[in-house]
Amino acid sequence: MGDGRLNLAVIGTGGRGKENLGAAFCENVIAVCDTDGDALERAVSRCCDEVRAFFDYRELFAEVGDALDAVVINVPDHMHFSMAMAAMERGLHVYCEKPLAHSVMECRLLAEKAAEKNVVTQTGMQMHALPNYRRVVEMLQAGAIGDVQEVHVWCGKGWGGTATRPNHADPVPRNLHWDEWLGGAPKRPYVSEIYTPANWRRWWDFGSGTLGDMACHLMDLPFWALRLEAPKRVWAEGPDLANQTEMAPLELEVHYTFDTPSGELGLHWYDGGRKPAVLDGTGMENDLMGVVFCGTRGNLLANYHVRYLWPEEAFVGYVPPPPSIPPSPGHFVEWIRGIREGRQPSCCFAYTSKLTEAVLLGVAAYRSGKEIDWDSKSLSLLNENPQAEKFVKGNLP
């Protein structure tokens, strides 16, 4: 930081990485890394002449790690843990796209390491910075609908399928460093367009379907507004598990039970073609995604930009509380300011690890085919479920 700017490395430069690289130019980008040579070349062309380029993040840390202040991680889920942990071990601040990690245990270890190293962290849950989310949180915490008893969250995406792992091999494109892309995932041959550039989200070894892709954005709202911690019970329902050994399902429901000061709270997730029945008659049945809060005085429906109280007759003359949550300067800027000011931004790992753990418990419940009774403090199941235990721990080395 000789010139007053932070020295950043950006790992993953396509998709969200392209956007985050642009945001990172407010500081000094000294290194970029991508397993796709074409994406890496495009990233280098946007940077200063002195930028260093790498295909392997381990080489990046080995060669320029001592010059870095912070790292931005924008890669498939299965590599979040290894990269973020390697960065924090060096004392580097970390921005990592959602979901924070690929298993419950990975989330917990990342949060613990961030606290141990006292680094400033941010998970890429950009919707947290939107004004509408802030107004919804204020309304709920001011008691607009009374005590919230149930929450329904839905997303119409369908990242999944029923394919089994291909056993044939296609020629690896000249630009793709396949072994580095696989990282710590189980080895397999490259097959054209099956995994890259984006279909990895469908495969359990790399992503977690629609739940892993979108729940951190949408479940963020109830976690924030209701100050949720860890669920005590999780169960899931979806397509026959026999057809989902390799890929996430095209539609899924996950049901969570939380303890709150006002009693038990049910939080229900729906994706693909599944939606909550509470939407019937609201005029929002065809909306792609959203959250419905059901309280003792009425209901509140919200998405990224809209909020709606019903039944309308119960809220005639309702005046929302004055804004009390300050506007965000921008999700990425929050992180940069946090580094400079020595404070954690709104989606630091201490917060997002809890949310992501809950999301990934839904994956474990579905893939095990059995309810999970959960003890968050000890990271253990209170009921016998060996399959879920395996998914909770993930592929840690």
Side-chain angles (χ1 to χ4, degrees), residues 1-12 16-17 19-33 48 51 57 60-61 64-74 80-101 106-131 133-134 137-138 141 216 220 223-225 227 229 323-357:
M1 259 194 322
D3 64 354
R5 294 187 297 166
L6 299 168
N7 286 337
L8 304 183
V10 177
I11 305 176
R16 283 299 311 160
E19 299 297 321
N20 288 337
L21 177 61
F25 287 144
C26 64
E27 303 299 326
N28 188 29
V29 178
I30 68 168
V32 289
C33 180
C48 66
V51 72
Y57 78 96
L60 182 154
F61 285 132
V64 302
D66 291 344
L68 289 171
D69 298 299
V71 176
V72 183
I73 298 170
N74 325 276
H80 287 185
F81 175 78
S82 298
M83 292 178 178
M85 186 61 77
M88 291 190 293
E89 287 282 10
R90 289 180 166 272
L92 302 178
H93 308 290
V94 177
Y95 184 105
C96 182
E97 278 300 326
K98 54 80 196 163
L100 176 58
E106 289 179 350
C107 292
R108 185 65 57 92
L109 292 175
L110 288 178
E112 290 174 351
K113 182 60 66 174
E116 174 195 331
K117 293 292 187 178
N118 194 31
V119 293
V120 176
T121 58
Q122 181 88 313
T123 303
M125 293 160 34
Q126 298 80 13
M127 307 312 164
H128 196 92
L130 294 176
Y133 265 33
R134 290 161 192 251
V137 170
E138 291 160 353
Q141 293 184 352
C216 287
D220 175 31
F223 258 75
W224 184 9
R227 302 182 177 93
E229 292 287 332
S324 57
I325 303 172
S328 171
H331 200 64
F332 194 90
V333 173
E334 275 188 29
W335 176 60
I336 296 295
R337 287 188 182 178
I339 295 172
R340 295 190 180 285
E341 298 170 7
R343 59 179 175 80
Q344 295 295 341
S346 60
C347 287
C348 64
F349 291 179
Y351 170 73
T352 61
S353 62
K354 296 175 184 178
L355 169 57
T356 314
E357 283 180 25

- Task: Walk me through it: do Cys348 and Val120 pass the test side-chain contact (heavy atoms from CB on, under 4.5 Å)?
- Result: CA-CA 7 Å; Cys348 64; Val120 176; over 6 Å; no
- Among all residues two or more places apart in sequence or in another chain, which pass the ring pair (Phe, Tyr, Trp, His ring centres under 6.0 Å) test with His128? Trp224, Tyr351
- Those residues at least two apart in sequence (or on a different chain) that pass side chain to side chain donor-acceptor pair (under 3.5 Å) with Thr121 are none
- Which atom names give the shortest non-hydrogen contact between Leu92 and Gly65, and what distance separates them? CD2-O, 4.3 Å
- Query: Going by heavy atoms in the side chains, are Leu100 and Leu110 under 4.5 Å from each other?
  - Reply: yes
- Query: Looking only at heavy atoms, what is the nearest atom pair of Met125 and Cys347, with distance?
  - Reply: CE-SG, 4.0 Å
- Message: Is it the case that the side chain of His331 and the backbone of Thr123 share a donor-acceptor pair, with hydrogens and angles ignored and the cut-off at 3.5 Å?
- Response: yes
- Which pair of non-hydrogen atoms, one from Gln344 and one from Val119, has the smallest distance, and what is that distance? NE2-O, 2.8 Å
- Message: What's the separation between atom CZ in Arg337 and atom OG in Ser328, rounded to the nearest 0.5 Å?
- Response: 8.5 Å
- Message: I want to check something: taking the side chain as every heavy atom from C-beta on, are Asp69 and Ile339 in contact at a cut-off of under 4.5 Å?
- Response: no
- Message: side-chain contact (heavy atoms from CB on, under 4.5 Å) for Ile11 and Val71? Distances and angles first, verdict last.
- Response: CA-CA 7 Å; Ile11 305 176; Val71 176; 3.7 Å; yes
- For Arg227, does the CZ atom sit with more than 12 other heavy atoms under 6.0 Å from it, leaving out its own atoms? no
- Please answer whether the main-chain N or O of Gly12 pairs with a side-chain N or O of Asn74 as donor and acceptor at a distance below 3.5 Å. yes
- Message: I'd like to know if the side chain of Glu138 and the backbone of Ser324 have a donor-acceptor N/O pair within less than 3.5 Å.
- Response: yes
- Message: Given 3.5 Å as the limit, does a donor-acceptor pair link the side chain of Glu334 with the main chain of Pro345, or not?
- Response: no
- Can you find a heavy atom in the side chain of Tyr57 that is under 4.5 Å from one in the side chain of Ile73? no
- Across all chains, not counting sequence neighbours, the side-chain contact (heavy atoms from CB on, under 4.5 Å) partners of Lys113 are Met85, Met88, Glu89, Glu116, Lys117
- Passes salt bridge (Lys or Arg N to Asp or Glu O under 4.0 Å), Arg90 versus Asp66? Steps please. CA-CA 8 Å; Arg90 289 180 166 272; Asp66 291 344; 3.3 Å; yes
- Query: Between Gln122 and Ser346, what is the shortest heavy-atom contact and its length?
  - Reply: OE1-N, 3.8 Å
- Which residues satisfy the salt bridge (Lys or Arg N to Asp or Glu O under 4.0 Å) test with Glu19, sequence neighbours excluded? none
- Ion pair present between Arg340 and Glu27, side-chain N to carboxylate O less than 4.0 angstrom? yes
- Set of side-chain contact (heavy atoms from CB on, under 4.5 Å) partners for Ile30, sequence neighbours left out: Asn7, Asn28, Ala67, Leu68
- Just jot down the ring pair (Phe, Tyr, Trp, His ring centres under 6.0 Å) partners of Phe332, sequence neighbours excluded, or say none. Tyr95, Trp335
- Item | Donor-acceptor under 3.5 Å (Glu106 side chain, Ala101 main chain) | no
- Query: Checking Arg5 side chain against Cys26 main chain: does a donor-acceptor pair fall under 3.5 Å?
  - Reply: no
- Query: Nearest heavy-atom pair of Val29 and Phe25: which atoms, and what distance?
  - Reply: CG2-CD2, 3.8 Å
- Task: Measure from the side-chain N and O atoms of Gln126 to the backbone N and O of Gly124, and report whether any donor-acceptor pair falls under 3.5 Å.
- Result: yes
- Query: Would Arg16 and Glu97 pass as an ion pair if we require N to O under 4.0 Å?
  - Reply: yes
- Task: Could you check if a side-chain atom of Phe349 sits within less than 4.5 angstrom of a side-chain atom of Cys96, using non-hydrogen atoms only?
- Result: yes
- Message: Quick check: closest heavy atoms across Pro99 and Thr356, and the distance to 0.1 Å?
- Response: CB-CG2, 3.7 Å
